[in-house]
2 protein chains.
Amino acid sequence: MFGEVSLQTFHRMPQYLKTLYELRKEGREYVSSVTLAEMLNLTPSIVKKDLSQAKVQDGKPKVGYAVNDLIDDIENFLGYNNAKDAVLVGCGKLGQALLGYTGFADYGLNIIAGFDISDDVIGRKVQGKLILPTGKLEGAIKKLDIKIAILTVPQEHAQAMADALVKAGIRAIWNFTPAHISVPANIAVRNENMASSLAVLSAQLREILKKENNLNQ
Amino acid sequence: MFGEVSLQTFHRMPQYLKTLYELRKEGREYVSSVTLAEMLNLTPSIVKKDLSQAKVQDGKPKVGYAVNDLIDDIENFLGYNNAKDAVLVGCGKLGQALLGYTGFADYGLNIIAGFDISDDVIGRKVQGKLILPTGKLEGAIKKLDIKIAILTVPQEHAQAMADALVKAGIRAIWNFTPAHISVPANIAVRNENMASSLAVLSAQLREILKKENNLNQ
DNA sequence: TTTTTATCGATATTATTTTATCGATTTATG
DNA sequence: CATAAATCGATAAAATAATATCGATAAAAA
């Protein structure tokens, strides 16, 4: 899907990175695919295949991968180094929670400001991020050449706001609303869909409970 | 993975449901796999295959599926009818945002209360949900036989809290912290991992921009 | 120094998921 | 009432992803 790299691989990359940070903290210099696989509940094969797509340096037989080099390579692969500016649109509860989320910086994402239509929040600061009126959105996007928008408006405004964002020049939308939004093919969309996550969790739970019931009979 | 039904299928189910609600609102009685596929950017084949796993009633040739019946079947399949109680642990910004999120009820999830260690929030109400001290967590879980926990504590406490929850009898953890948590095999975990979502979004964006650059040369 | 061991990276195999095909069937049309 | 059109559901084919295998090689042990 992305050149050669699969979506699943991209999903796993941050997990490797997280584990590697921990290992570095413990002073580990090398780590094998077997160890990483065990720590993350994966197979060594998939770890090796995934890492082969991000890394520059080869792993060494008998010892594995150099932790520091691998961290550099994955960070680079994921673009954590060249910080990306983003706007956040819709500063209700969830929007403010995300505005205040300090973790984004670790992933190379820099929210430059929040935007909202309500005078109740406009002008306020959340964790140092100013909330501006929606009217200034298009100007900010164009002037600062911002490519990424985080969408946290009420779902009934999601499509209209998405349209406006695309018109203003946004190229990637991180959609936290439950609404399904339609965008042109040359715009990236990522849906953070609670319903679908919950569906999977419920299914897992049901399966687990069913298995237990079968055993207890 | 879950009996016969794939994880991807579970992910798509709530999307079908959402679309079906819209169609019902418009007064549509029947809908074909072709229409659903178009609305959701899928293929008719996958729609038919997915629906075949959730539905009881057969679709009719020439007209498609009865919207109302299909809604019932999917709701039932996903367990939206028999509401599931849950606790939310960690009432910081994100936790409170989720506590106040009214959409969960639509998915059959009922958060009975929030839990936190801080006196600043204990006793407060967020959208009608009371925040209780963590000390009362185990008692509540056992007394009310609660199976699902939403985990929104600071990441450094994630593992310890997960352990406590499992000990108290929780069977499914919806993990909103960036931490990777380890649990016994008979516990369901669903990670709402911002980093991995962002990694995928960035990758999509990069691919799109690259494609454009190639064209413009 | 030789042998053993652990691991990589490439490739082959297997499993899973998606897509395409096609006969059967229902509704609408001439 | 016969024919055409649209769709389902089952199944076959293709694409994708995960896993297993294995020769090469570097480090450690004998």
Side-chain angles (χ1 to χ4, degrees), chain A residues 1-13 15-16 19-20 23 28-70 73-74 77 196 199-200 203-204 207, chain B residues 1-13 15-16 19-20 23 28-70 73-74 77 196 199-200 203-204 207:
Chain A
M1 177 158 198
F2 303 118
E4 291 293 274
V5 186
S6 81
L7 206 130
Q8 283 91 325
T9 297
F10 273 109
H11 264 294
R12 286 187 292 264
M13 282 303 173
Q15 301 183 46
Y16 296 130
T19 309
L20 290 165
L23 291 167
R28 280 280 287 272
E29 277 191 66
Y30 287 91
V31 65
S32 72
S33 60
V34 179
T35 307
L36 280 173
E38 268 170 13
M39 292 179 81
L40 288 166
N41 253 263
L42 301 168
T43 64
S45 287
I46 202 77
V47 172
K48 285 191 279 183
K49 193 164 267 184
D50 283 344
L51 295 185
S52 74
Q53 321 214 44
K55 74 188 161 53
V56 178
Q57 308 258 332
D58 265 15
K60 278 191 200 173
K62 179 88 182 184
V63 290
Y65 308 96
V67 172
N68 267 311
D69 292 350
L70 197 48
D73 289 344
I74 298 179
F77 179 77
S196 98
V200 176
Q204 286 178 299
E207 208 54 30
Chain B
M1 179 160 196
F2 303 118
E4 291 291 276
V5 186
S6 82
L7 205 131
Q8 283 93 323
T9 297
F10 273 109
H11 265 293
R12 285 186 294 261
M13 283 302 172
Q15 300 183 46
Y16 296 128
T19 310
L20 290 166
L23 291 167
R28 281 281 286 272
E29 277 191 65
Y30 286 91
V31 64
S32 71
S33 60
V34 178
T35 307
L36 279 173
E38 270 170 12
M39 293 178 80
L40 288 166
N41 252 263
L42 301 167
T43 64
S45 286
I46 202 78
V47 172
K48 286 191 278 184
K49 195 161 264 183
D50 282 345
L51 296 185
S52 75
Q53 321 215 42
K55 74 187 161 54
V56 179
Q57 308 258 333
D58 265 16
K60 278 192 199 170
K62 180 87 180 185
V63 291
Y65 309 97
V67 172
N68 267 312
D69 292 351
L70 197 49
D73 288 346
I74 299 179
F77 179 76
S196 98
V200 176
Q204 286 178 299
E207 209 53 30

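Owing to the predicted nature of the structure, the values given are computational and were not obtained by experimental measurement. Computation of the quantities below employed the complete heavy-atom set of this structure, encompassing side-chain atoms and omitting hydrogens, waters and symmetry-equivalent molecules. Numbered from 1 within each chain, the chains take letters A, B, ... in sequence-line order.
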Student: Can you tell me how far the CD atom of A/Gln15 sits from the CG atom of A/Asn41, to the nearest 0.5 Å?
Tutor: 10.0 Å
Student: As a test of reading the structure: which of D/dA27, C/dC8, C/dT18 is closest to the side chain of A/Ser32, going by heavy atoms?
Tutor: C/dC8
Student: Give the residues of residues 33-46 of chain B touching DNA chain C, defined as any heavy atom closer than 4.0 Å, sorted by residue number.
Tutor: B/Thr43, B/Ser45, B/Ile46
Student: Write down the distance between CD (B/Gln8) and C1' (C/dT16), rounded to a whole number of angstrom.
Tutor: 8 Å
Student: Is there a side-chain contact between B/Lys55 and the phosphate of D/dG9, meaning an N or O under 4.0 Å from OP1 or OP2?
Tutor: yes
Student: Name the closest nucleotide to the B/Ser6 side chain, picking from C/dT26, C/dT17, D/dA18.
Tutor: C/dT17
Student: Has the side chain of A/Lys49 got a donor or acceptor that lies under 3.5 Å from a partner of the other kind on the base of D/dT19?
Tutor: yes
Student: Write down the distance between CG (A/Leu51) and P (C/dG9), rounded to a whole number of angstrom.
Tutor: 9 Å
Student: Round to the nearest Å and state the distance from B/Gln57 atom CD to D/dG9 atom P.
Tutor: 11 Å
Student: Checking all strands, does A/Lys60 fall into the base, sugar-phosphate, or nothing category for heavy-atom contacts under 4.0 angstrom?
Tutor: sugar-phosphate
Student: Does B/Tyr65 place a side-chain N or O at less than 4.0 Å from the phosphate oxygens OP1/OP2 of D/dG9?
Tutor: yes
Student: Quick one: pull up CZ in B/Phe10 and CD in B/Gln53 and give me the separation to the nearest 0.5 Å.
Tutor: 8.5 Å
Student: Whole angstrom is fine here: how far is it from CG in B/Leu70 over to C1' in D/dT7?
Tutor: 15 Å
Student: How far does CG of A/Leu40 sit from CG of A/Leu36, to the nearest 0.5 angstrom?
Tutor: 6.5 Å
Student: Does the ring-ring contact (aromatic ring centres under 6.0 Å, His included) test come out yes or no for A/Tyr16 and A/Phe77, once each step is laid out?
Tutor: CA-CA 12 Å; A/Tyr16 296 130; A/Phe77 179 77; over 10 Å; no
Student: Could you tell me whether the phosphate oxygens of C/dT26, OP1 or OP2, come under 4.0 Å of any side-chain nitrogen or oxygen in B/Tyr30?
Tutor: no
Student: Rounding to a whole Å, what distance do you find between A/Leu7:CG and D/dA17:C1'?
Tutor: 12 Å
Student: Using whole Å, what does the distance between atom P of nucleotide C/dA6 and atom NZ of A/Lys48 come to?
Tutor: 14 Å
Student: For the pair made of CG in B/Asp69 and P in D/dC8, what is the distance, rounded to whole Å?
Tutor: 14 Å
Student: Going by the side-chain hydrogen bond (donor to acceptor under 3.5 Å, both in side chains) test, name the single residue among A/Arg12, A/His11, A/Lys55, A/Gln8 that passes it with A/Asp50.
Tutor: A/Arg12
Student: Which whole-number value in Å describes the distance from B/Gln53 CD to C/dT16 P?
Tutor: 14 Å
Student: OP1 or OP2 of D/dA18 sitting under 4.0 Å from any side-chain N/O of A/Arg12?
Tutor: yes
Student: Determine the sole option in B/Leu20, B/Asn68, B/Leu23 for which the side chain to side chain contact (heavy atoms under 4.5 Å, CB included) test with B/Arg28 is passed.
Tutor: B/Leu23
Student: Report the nucleotide, chosen from C/dT18, D/dG9, C/dA6, that has the shortest atom-to-atom distance to any side-chain atom of A/Lys62.
Tutor: C/dA6
Student: Within the distance-only criterion (no hydrogens, no angle test), does the side chain of A/Thr35 pair as donor or acceptor with the backbone N or O of A/Val31 below 3.5 angstrom?
Tutor: no
